[in-house]
Amino acid sequence: MTSGADRPNLTPRIANRAVLIPLVGLAVLISLTAWRLLGSGNGPAVYEFTGGTMGTTYSVKVETVPLSTEKQNEIASIIQAALDDVDGRMSTYDTASELSHFNAHHSTTPFPVSESVYEVFALAKRISGITGGAFDITVGPLVNLWGFGPIATTGSMPDASVVARLRAFVGWDKIVLDGDGRTLTKLHPETVADLSAIAKGYAVDRVADELVAEGMSTFLIEVGGELKARGTKHSGDRWRVAIEEPDTAARRVFRAVELENAAIATSGDYRNFDERDGVMYSHIIDPRTGRPNPYRGSLVSVIDGSAAVADAWATALTVLGPEHGWELAEREGIAAFFVTRADTGYDSVVTTAFRERTKGGES
Ligand code: ADP
Ligand code: MG
């Protein structure tokens with residue numbers, strides 16, 4: 001969904017990030033491989049399943065009774081299939097995806113979609129409404145214009161008239177949803193959708209559902225920096241994850257949090273940004289202006305029961321920033337953590353819900 005090693009490097013910007021590092025170890029790109037990390041005899045063991053999806057990597061750690069090699073392979077395949085299914089439906093890089101077909105449908109006639117695509121559009125629309133359009137899945141043409149999408153552009157500042165022309169068909173309210181017929185209808189034939197800011201979180205939720213269906217109750221899933229944890233480990237410990245400093249080079253842990261039956265997603269401007277006429281811009285578009293957010297050296301982490309919800313909110317709050325964003329998150333009971341570069345070090349602020357959710361498990 002974002003650029004990856006197997007895709008052409010379209011701009012000189014910094015490649016994909018993995019903001020949240022599970023403290024137990026970084027994911028390594030080994031497809032369909034299960035690693036047994038801990039445990040012996042008949043006691044519980046932790047298996048790690050890693051691979052690639054959506055132009056990024058994933059890591060799934062499962063604590064369970066010892067599994068046969070056959071069962072490990074079966075779980076590895078279930079995880080990969082769930083991720084491939086989401087990518088196959090929601091990728092803007094894959095011209096054969098369901099989303100690409102919707103985007104190529106230059107018409108205002110209703111377009112039928114699968115349950116999962118409909119679900120993600122419905123969630124995106126709900127969060128667009130609450131955030132006053134800060135979250136907007138129709139910003140794709142602007143993402144491309146500024147050189148952050150599948151279509152390459154580089155060089156100087158885009159012309160204001162081009163931005164204005166594109167904005168005629170950009171807007172989350174330009175796609176109408178019909179739940180009965182499960183269709184999406186464009187109000188402007190050129191409107192397109194980009195699910196990059198929500199699909200990784202959705203994929204995390206899907207993998208979690210599959211693992212629960214397999215009888216697994218203790219696991220930590222990470223896809224491109226978005227995580228979901230379930231259960232308490234045999235040792236009595238909760239899963240612990242690190243929020244890193246919003247610094248391109250440092251990769252230092254800024255804060256660790258413990259999660260139990262919750263997801264955490266992070267959006268930041270420090271791993272994916274580009275320069276235009278001497279100004280640094282992030283890959284997140286402010287739909288109110290049609291321009292990318294200026295680079296601030298910042299991140300927003302959101303904790304929620306749903307990784308898709310956390311993912312979308314993290315992007316929206318990055319658009320809104322630590323003042324307006326914090327006010328909205330506080331009012332809506334969203335658990336959010338804002339970190340912004342200051343003259344020395346970083347300023348950080350949390351909402352009440354974030355403080356509540358991380359009580360006793362922070363450091
Ligand atoms: P990442 O995908 O890098 O983890 P995000 O979840 O914040 O980070 O998603 C950023 C991507 O979402 C951008 O690369 C772009 O494709 C898309 N996007 C940019 N601005 C917005 C916005 N205001 N609302 C929704 N999606 C956006
Ligand atoms: Mg997001």
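We count ligands from 1, going down the list as the structure has it; atoms in each ligand are counted the same way. A quick note: this is a predicted structure, and the numbers were derived from the prediction, not measured.
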[X] touching ligand 1 at heavy-atom level, < 4.0 angstrom:
| X | result |
| --- | --- |
| Phe148 | no |
| Pro287 | yes |
| Ala134 | yes |

Do Thr266 and Ser301 have a side chain donor and acceptor closer than 3.5 Å? yes
Atoms of ligand 1 close to [X] [distance to a heavy atom under 4.0 angstrom, numbered from 1]:
| X | answer |
| --- | --- |
| Glu226 | 4 (O) |
| Asp311 | 6 (O) |
| Phe135 | 24 (N), 25 (C) |
| Ser267 | 5 (P), 7 (O) |
| Lys200 | 1 (P), 2 (O), 4 (O) |
| Val319 | 23 (N) |

Purely on distance, is any nitrogen or oxygen of [X] under 3.5 Å from one on ligand 1?
| X | value |
| --- | --- |
| Val139 | no |
| Asp136 | yes |
| Thr266 | no |

Any N/O/S atom of Gly201 sitting less than 2.8 Å from the Mg ion (ligand 2), backbone or side chain? no
Check whether any N, O or S atom of Thr315, backbone or side chain, sits closer than 2.8 Å to the Mg ion (ligand 2). yes
Before giving the answer on salt bridge (charged side-chain N to carboxylate O under 4.0 Å, His left out), spell out for Arg252 and Glu245 the whole-Å C-alpha distance, their side-chain angles and the decisive distance to 0.1 Å. CA-CA 6 Å; Arg252 273 191 298 266; Glu245 249 177 46; 3.1 Å; yes
Test ring-ring contact (aromatic ring centres under 6.0 Å, His included), reference Tyr281, set Trp146, Phe148, Tyr295, output is Trp146
Between Asp269 and Ser298, is a side-chain hydrogen bond (donor to acceptor under 3.5 Å, both in side chains) present by the stated rule, with each step listed? CA-CA 6 Å; Asp269 63 13; Ser298 65; 3.2 Å; yes
Name, closest N/O/S atom of Asp311 to the Mg ion (ligand 2): OD1
Kindly indicate whether the side chain of Arg341, heavy atoms from C-beta on, has any atom under 4.5 Å from the side chain of Tyr346. yes
Is the closest side-chain heavy-atom distance between Phe169 and Lys186 below 4.5 Å? no
Quick look: Ile284 vs ligand 1, heavy-atom contacts under 4.0 Å, and the answer is both
For ligand 1, which part of Asp194 has a heavy atom less than 4.0 Å away: the side chain, the backbone, both, or neither? side chain
Is the closest basic N to carboxylate O distance between Glu190 and Lys174 below 4.0 Å? no
Return a table of donor-acceptor pairs under 3.5 angstrom between the side chains of residues 205-213 and protein atoms on other chains or two or more places apart.
| from | atom 1 | to | atom 2 | distance (Å) |
| --- | --- | --- | --- | --- |
| Asp205 | OD1 | Lys228 | NZ | 2.7 |
| Asp205 | OD1 | Ala307 | N | 2.8 |
| Asp205 | OD2 | Ser306 | OG | 3.2 |
| Asp205 | OD2 | Ala307 | N | 3.2 |
| Asp205 | OD2 | Ala308 | N | 3.0 |
| Arg206 | NH1 | Asp85 | OD2 | 3.4 |
| Arg206 | NH2 | Asp85 | OD2 | 3.0 |

For Thr131 versus Ala316, what's the shortest heavy-atom pair and its separation? CG2-CB, 3.7 Å
Mutual orientation of the aromatic rings belonging to Phe102 and Phe121 [parallel < 30°, tilted 30-60°, perpendicular > 60°]: perpendicular
Does atom CD of Glu332 have more than 12 heavy-atom neighbours, drawn from other residues, nucleotides or ligands, at distances under 6.0 Å? yes
